[in-house]
Amino acid sequence: MTTLPLFPDLRSTAKKDERSGTFVDNMKLPIHRWFKYSAGFSAQWVESVLADHIAEKGEVTICDPFAGSGTTLLVADGMGIPSWGVEAHPFVARIAASKLLWHTSAIQLRDKGNEMMERARKGKKSSIKYPQLIYKCFDENTLNSLDKLKSSWQTLDDGSSATKLVWLALTAILRPSSLAGTAQWQYILPNKTKKSTTEPFVAFANQIALMGADMEEYQRKADCSQANLLCGDARNFPQVQNRSVDLVITSPPYANNYDYADATRFEMSFWEEISSWGDLHESVRKYLIRSSSQHASKEKLELNDLLSEEAIAPIATELAKACNKLSEERLLHGGKKHYHTMIAAYFVDMAKVWRELRRICREGATACFVVGDSAPYGVYVPIDQWLGRLAVAAGFKCFHFEKLRDRNVKWKNRKHRVPLHEGRLWVSG
């Protein structure tokens with residue numbers, strides 16, 4: 001089992017703690033940097049938690065019920081630790097699954113990538129009619145090159161690990177090749193033009209070279225993956241046995257109206273997995289924890305039904321007060337967003353997650369959630385405290401919150417001026 005650090009220290013301890021809830025520093029790390037996922041968190045922090053846990057308790061099995069692009073599972077792999085991950089977003093789960101093929105021969109990856117480029121250069125533009133979003137984001141020549149690479153991949157796809165890795169390489173270069181800008185949380189901005197782009201064949205060749213080098217570096221530290229990734233629901237994943245997990249490290253969706261389904265709408269449109277904005281709900285959003293007003297409005301949720309759910313009984317009084325306030329407040333705003341049902345549904349879902357984690361966790365296990373609080377329409381929701389109480393109600397013994405940083409304190413252009421924070425919710429027992 002690895003005891004030396006997998007990754008170098010990139011910054012001071014203070015900055016490391018403050019940014020451990022973000023993915024930004026992962027973009028300097030092998031494998032992790034293959035695809036930027038804004039909802040991720042620090043691999044270096046995960047490594048430190050695992051190292052401390054091993055030093056104290058020895059062998060460990062870890063679980064991440066919101067696995068995202070695979071940060072926790074990749075760190076566990078590098079340390080020789082068995083892990084389970086659950087990810088409900090099917091496209092993000094595919095990205096994570098591809099990353100977990102890091103133990104594939106780098107030579108096979110390079111050969112497959114070279115063969116794909118050779119075929120693409122000789123190929124002709126397909127007759128595919130892409131969703132309108134794709135035409136807005138690429139000029140004709142760039143899209144023509146990407147289309148040839150895609151057609152080449154489809155011809156070569158044999159289900160092998162190398163082919164899956166090459167799929168990820170092509171997926172990873174879509175944004176660098178696009179004229180469209182990207183918002184902070186990965187929403188694509190077709191009306192915002194970037195100053196520079198990378199020609200697709202150049203970008204693809206560079207990505208293959210990067211991935212091959214990263215694989216060889218990782219393979220010098222670990223032999224093979226011990227990760228089990230499930231494309232499934234964090235509220236119910238029976239594939240993981242009762243009382244089999246020692247440590248949970250994760251970052252659940254924040255109840256801050258970020259539409260996780262939209263994060264990869266651009267990539268899914270290119271791969272023809274969706275054809276319009278409306279497809280997102282059926283393809284992705286309906287499988288996710290309900291943490292956006294778009295999700296709540298689409299499902300036409302009823303507040304009273306949600307508040308009567310037995311799972312949220314420990315926080316029902318305070319939750320009802322906040323949701324009723326949101327129900328009144330929304331009428332004063334033009335968008336009339338469904339924050340009142342979103343917040344209620346979020347805690348119903350997360351209560352079920354805690355119950356499932358209690359089932360799979362051994363007695364004395366530890367869970368750490370990177371979380372942030374919320375204030376839709378200026379109505380404060382103490383996410384960390386309410387999640388902690390739901391964890392205890394599910395059968396865990398105790399919780400405490402470790403604040404990492406302040407959020408929403410630069411008031412310019414903000415819709416409300418409620419100070420927020422982000423940190424780690426530690427649950428024991």
Side-chain angles (χ1 to χ4, degrees), residues 23-24 26-27 32-40 68-70 87-99 125-126 128-151 153-154 164-204 206-207 211 231 253 257-288 291-292 294-295 298:
F23 191 81
V24 61
N26 291 5
M27 295 310 294
H32 298 276
R33 61 184 170 183
W34 291 358
F35 187 88
K36 182 178 181 181
Y37 187 56
S38 296
S69 61
E87 177 50 50
H89 192 312
F91 197 83
V92 175
R94 186 176 180 183
I95 290 169
S98 299
K99 285 183 174 182
K125 182 181 178 181
S126 72
I128 293 172
K129 187 170 180 59
Y130 286 97
Q132 195 59 37
L133 174 65
I134 298 302
Y135 293 110
K136 290 180 180 179
C137 294
F138 295 107
D139 62 48
E140 184 177 355
N141 289 335
T142 298
L143 183 55
N144 186 31
S145 295
L146 289 169
D147 180 74
K148 289 179 179 179
L149 286 165
K150 174 183 170 182
S151 297
W153 179 84
Q154 290 171 330
K164 293 174 182 177
L165 286 163
V166 169
W167 171 86
L168 179 57
L170 180 52
T171 301
I173 69 164
L174 294 178
R175 294 189 189 230
S177 300
S178 172
L179 291 166
T182 301
Q184 182 180 8
W185 288 98
Q186 270 182 292
Y187 296 142
I188 197 71
L189 301 173
N191 295 324
K192 183 178 179 181
T193 304
K194 292 187 306 195
K195 292 183 179 180
S196 62
T197 62
T198 306
E199 194 279 326
F201 281 95
V202 172
F204 183 76
N206 290 343
Q207 185 68 19
M211 291 171 66
C231 182
N257 206 37
Y258 173 54
D259 186 3
Y260 290 85
D262 192 15
T264 57
R265 177 168 62 105
F266 174 58
E267 288 82 2
M268 293 179 73
S269 296
F270 174 78
W271 285 108
E272 303 169 87
E273 294 189 14
I274 57 172
S275 60
S276 67
W277 172 267
D279 289 343
L280 272 182
H281 187 78
E282 289 303 311
S283 298
V284 179
R285 193 183 296 118
K286 72 178 184 180
Y287 301 111
L288 308 181
S291 61
S292 70
Q294 296 95 319
H295 197 163
K298 188 74 174 179

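Worth saying up front: this structure is predicted, and the values here are computed from it rather than measured.
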ring-ring contact (aromatic ring centres under 6.0 Å, His included) partner of Phe91, chosen from Tyr37, Phe270, Phe35, Trp167:
Trp167

Are side-chain heavy atoms of Phe138 and Leu146 found at a separation under 4.5 Å?
yes

Any pair with a residue in residues 179-191 that passes salt bridge (charged side-chain N to carboxylate O under 4.0 Å, His left out), sequence neighbours left out, goes on the list, sorted by first then second residue, please.
none

Is the distance from the ring center of Trp277 to that of Phe266 below 6.0 Å?
no

My understanding is that only residues two or more places apart in sequence, or in another chain, count here; which of them pass ring-ring contact (aromatic ring centres under 6.0 Å, His included) with His295?
His281

Rounded to the nearest 0.5 angstrom, the CD1-CD1 distance for Ile128 and Ile134 is 11.0 Å

Between Glu282 and Lys298, is the salt bridge (Lys or Arg N to Asp or Glu O under 4.0 Å) condition met? List the steps.
CA-CA 10 Å; Glu282 289 303 311; Lys298 188 74 174 179; over 6 Å; no

Side chain to side chain, Val202 and Asn206, heavy atoms closer than 4.5 Å:
yes

Spatial distance of atom CG (Leu174) from atom OG1 (Thr264) [nearest 0.5 Å]:
11.5 Å

Supply the atom-to-atom distance Leu179 CG to Lys195 NZ, rounded to the nearest 0.5 angstrom.
14.5 Å

May I have the step-by-step check of side-chain hydrogen bond (donor to acceptor under 3.5 Å, both in side chains) for Asp279 and Ser283, ending in yes or no?
CA-CA 6 Å; Asp279 289 343; Ser283 298; 5.9 Å; no

Check ion pair Glu273-Arg94 (N to O, under 4.0 angstrom)
yes

Applied to residues 164-189, the salt bridge (charged side-chain N to carboxylate O under 4.0 Å, His left out) test, sequence neighbours excluded, yields Arg175-Glu267

Compare all side-chain heavy atoms of Ile274 with those of Val284 and state whether any distance is below 4.5 angstrom.
no

What is the minimum heavy-atom distance between Ala88 and Leu288, and which atoms define it?
CB-CD2, 3.8 Å

Which heavy atom of Ser177 sits nearest to which heavy atom of Thr142, and what is that distance?
O-CG2, 3.5 Å

Using every non-hydrogen atom in the two residues, find where Leu133 and Pro190 come nearest and quote the distance to one decimal.
CD1-CG, 4.2 Å

Locate the shortest heavy-atom distance separating Ala169 from Phe204; write the atom from each residue and the value.
CB-CE1, 3.9 Å

Does Tyr130 offer a backbone N or O that forms a donor-acceptor pair with the side chain of Tyr135 under 3.5 Å?
yes

Just wondering, do Cys137 and Ile188 contact through their side chains at under 4.5 Å, heavy atoms?
yes

Is the side chain of Ser151 donor-acceptor paired with the backbone N or O of Ser126 at a distance under 3.5 Å, no angle test?
no

Pairs flagged by salt bridge (charged side-chain N to carboxylate O under 4.0 Å, His left out) wherever residues 134-150 is involved - sequence neighbours left out
Lys150-Glu272

Can you measure from OG (Ser276) to CD (Gln132) and round to the nearest 0.5 angstrom?
12.0 Å

In short, Leu189 meets Thr182 closest at the heavy-atom pair CD1-C, 4.0 Å

Can Thr197 and Ser178 be said to form a side-chain contact (heavy atoms from CB on, under 4.5 Å), step by step?
CA-CA 6 Å; Thr197 62; Ser178 172; 5.9 Å; no

Sub-4.5 Å side-chain heavy-atom contact between Gln294 and Asn257:
yes

Do you know which two heavy atoms are closest between Gly181 and Lys194, and how far apart they sit?
CA-CG, 3.9 Å

Under the rule for salt bridge (charged side-chain N to carboxylate O under 4.0 Å, His left out), what residues qualify as partners of Asp259, not counting sequence neighbours?
Arg285

For Tyr187, all residues meeting ring-ring contact (aromatic ring centres under 6.0 Å, His included), sequence neighbours excluded:
Tyr258

Are Thr171 and Trp271 linked by a side-chain donor-acceptor pair shorter than 3.5 Å?
yes

Side-chain contact test, heavy atoms from C-beta onward, threshold under 4.5 Å: evaluate it for Leu149 versus Pro200 and give yes or no.
yes

Any donor and acceptor pair, going by atom type alone, linking the side chain of Lys99 with main-chain N or O of Trp34 inside 3.5 Å?
no

